[in-house]
Protein chains: 2
Amino acid sequence: MNVIIAGMGTDSRERMVRSAAYLFRERGYSGTGFRDVIAHSGAPRGSIYHHFPGGKVQLAEDAVRYAGDFLDAGIRAAVEGGDAASAVDAFAGWWRGVLVKSGFRAGCPVVAVTVESHDDAPQLVKASADAFGRWQDTLATGLENAGASPERAARLATLIVSSVEGATILCRAERCLRPLDAVVAELKEITRTAVD
Amino acid sequence: MNVIIAGMGTDSRERMVRSAAYLFRERGYSGTGFRDVIAHSGAPRGSIYHHFPGGKVQLAEDAVRYAGDFLDAGIRAAVEGGDAASAVDAFAGWWRGVLVKSGFRAGCPVVAVTVESHDDAPQLVKASADAFGRWQDTLATGLENAGASPERAARLATLIVSSVEGATILCRAERCLRPLDAVVAELKEITRTAVD
DNA sequence: GGTTGACCATGACGATCGTCATAGCGACCC
DNA sequence: GGGTCGCTATGACGATCGTCATGGTCAACC
């Protein structure tokens, strides 16, 4: 039987969400069909609209939320027990692993959903904004604790998220880690001077 | 009749390429069908595979190249007759205009194609890498002329392209210019200290 | 132990996807 | 003026898309 924990659904439901997030990273939102999610997750076809009455949009919404929560927890853990540079390392290091492990074929699922969202699915835009916002808030808190002013910390957090996400895209195009490494080097220099 | 200029195709062919680049910015690659391109460009349906024997992939390839050339020319013009900060303004200012004019619904077509490309279309990855590479080269040249060292100029150019592209995505999600403004403020500060 | 309800198997719906074949148009060349 | 060729109109192909209805299974609860 399935043990239901508050906030978490069935096994197959969660597998679908995780697979959707995984597949979005490589093929994007429109490029990923329900059949792909079923095949990748091994979840049953018949219960799609039982778990996701809102259809594909709801699945994508949950996938974005899942990715947002997952990465935010990683950033938070690295920020709580490290210096300012570890905030950058935690965020960039995760995407470096995604790039290498996928052979530069995968990127950020939140980015994928954002750049494809039309007007008839505003929930997706909101979910993406939530994820990006939480990442920035967590990073900004870490930078403040390291000694940066609140205003500067907020601006730097936005720069970190923007540049690392952008560098991840450039890495996929160039099929190498050079852009991400260059960005991280500059970011570390900036954060170092900002916390003094 | 159609006046054929070297490197440029028919009117309807070029309209299709431009429309594809335009539509990719809002709906992405997989989210944009040939029928959308036909409707938006007013081009005839029957000549799709006359102008693009390679099908949708070739159309996207040309769209990425078109966007790459177009923006590179803008950056080059701004870099040639300005200081180091104008390089940032030229690049970021273009995307600011795209965001505002589209109501935060459009982004970068090169990004859209990159994050959706699978293995069966490596031409698209290469075309994207070319566009990103040219933008970085042009910006780096401008930074070098302003006084930055070649190595630092290359790293900064990568940071500029990455962070502005990333900020554009964040702006679409948050539906405001705050991320881009924050990034531009930090970038100007960095480039100012780098050219001294 | 009968009933409820969460969950899944199966198959199909209409729409749209990228692709292509065929026929025909009109301008140009010899 | 007959023929060639760039370009377009039209319609269809099979595949796949998201969506949903129906019927069934099995554990849980009164």
### Charged N-O contact under 4.0 Å between A/D181 and A/R178
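Judged by the 4.0 Å cut-off on N to carboxylate O distance, A/D181 and A/R178 do not form a salt bridge.
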
### Query
Do B/D62 and B/R65 meet the salt-bridge criterion of a basic N to acidic O distance under 4.0 Å?
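Looking at B/R65 and B/D62, the cut-off is met.
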
Between [atom2] on [N] and [atom1] on [X], what's the gap in Å once rounded to a whole number?
X	N	atom1	atom2	value
A/D120	D/dG18	CG	C1'	13 Å
B/D36	C/dG18	CG	C1'	12 Å
B/I38	C/dT16	CD1	C1'	15 Å
B/R35	C/dC20	CZ	P	14 Å
A/M16	D/dT19	CE	P	14 Å
B/K56	C/dT19	NZ	P	8 Å
B/F34	C/dC20	CZ	P	10 Å
B/R27	D/dC17	CZ	P	19 Å

[N] OP1/OP2 closer than 4.0 Å to side-chain N/O of [X]:
X	N	result
B/S47	D/dT8	yes
A/S12	C/dC7	no
B/H51	D/dG6	no
A/Y49	D/dT19	yes

### Task
Would you indicate what A/S30 reaches in the nucleic acid, counting non-hydrogen atoms under 4.0 angstrom: base, sugar-phosphate, or nothing?
nothing

### Task
Let me know, please, whether B/H50 or A/Y29 comes out on the 5' side of the other along DNA chain D by nearest nucleotide.
B/H50

### Task
Map A/G46 and A/G33 onto DNA chain D by nearest heavy atom, then report which one ends up closer to the 5' terminus.
A/G33

### Query
Going by the angle between their ring planes, with limits at 30° and 60°, are A/Y29 and A/F24 parallel, tilted or perpendicular?
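A/Y29 and A/F24: perpendicular rings.
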
#### Entry: Any donor-acceptor N or O pair under 3.5 Å, side chains A/T32, A/R27
no

### Query
Are side-chain N/O atoms of A/T114 and A/S128 paired as donor and acceptor at under 3.5 Å?
yes

### Message
Which nucleotide wins on minimum distance to the side chain of B/R45, given the candidates C/dC8, D/dA12, C/dG11?
### Response
D/dA12

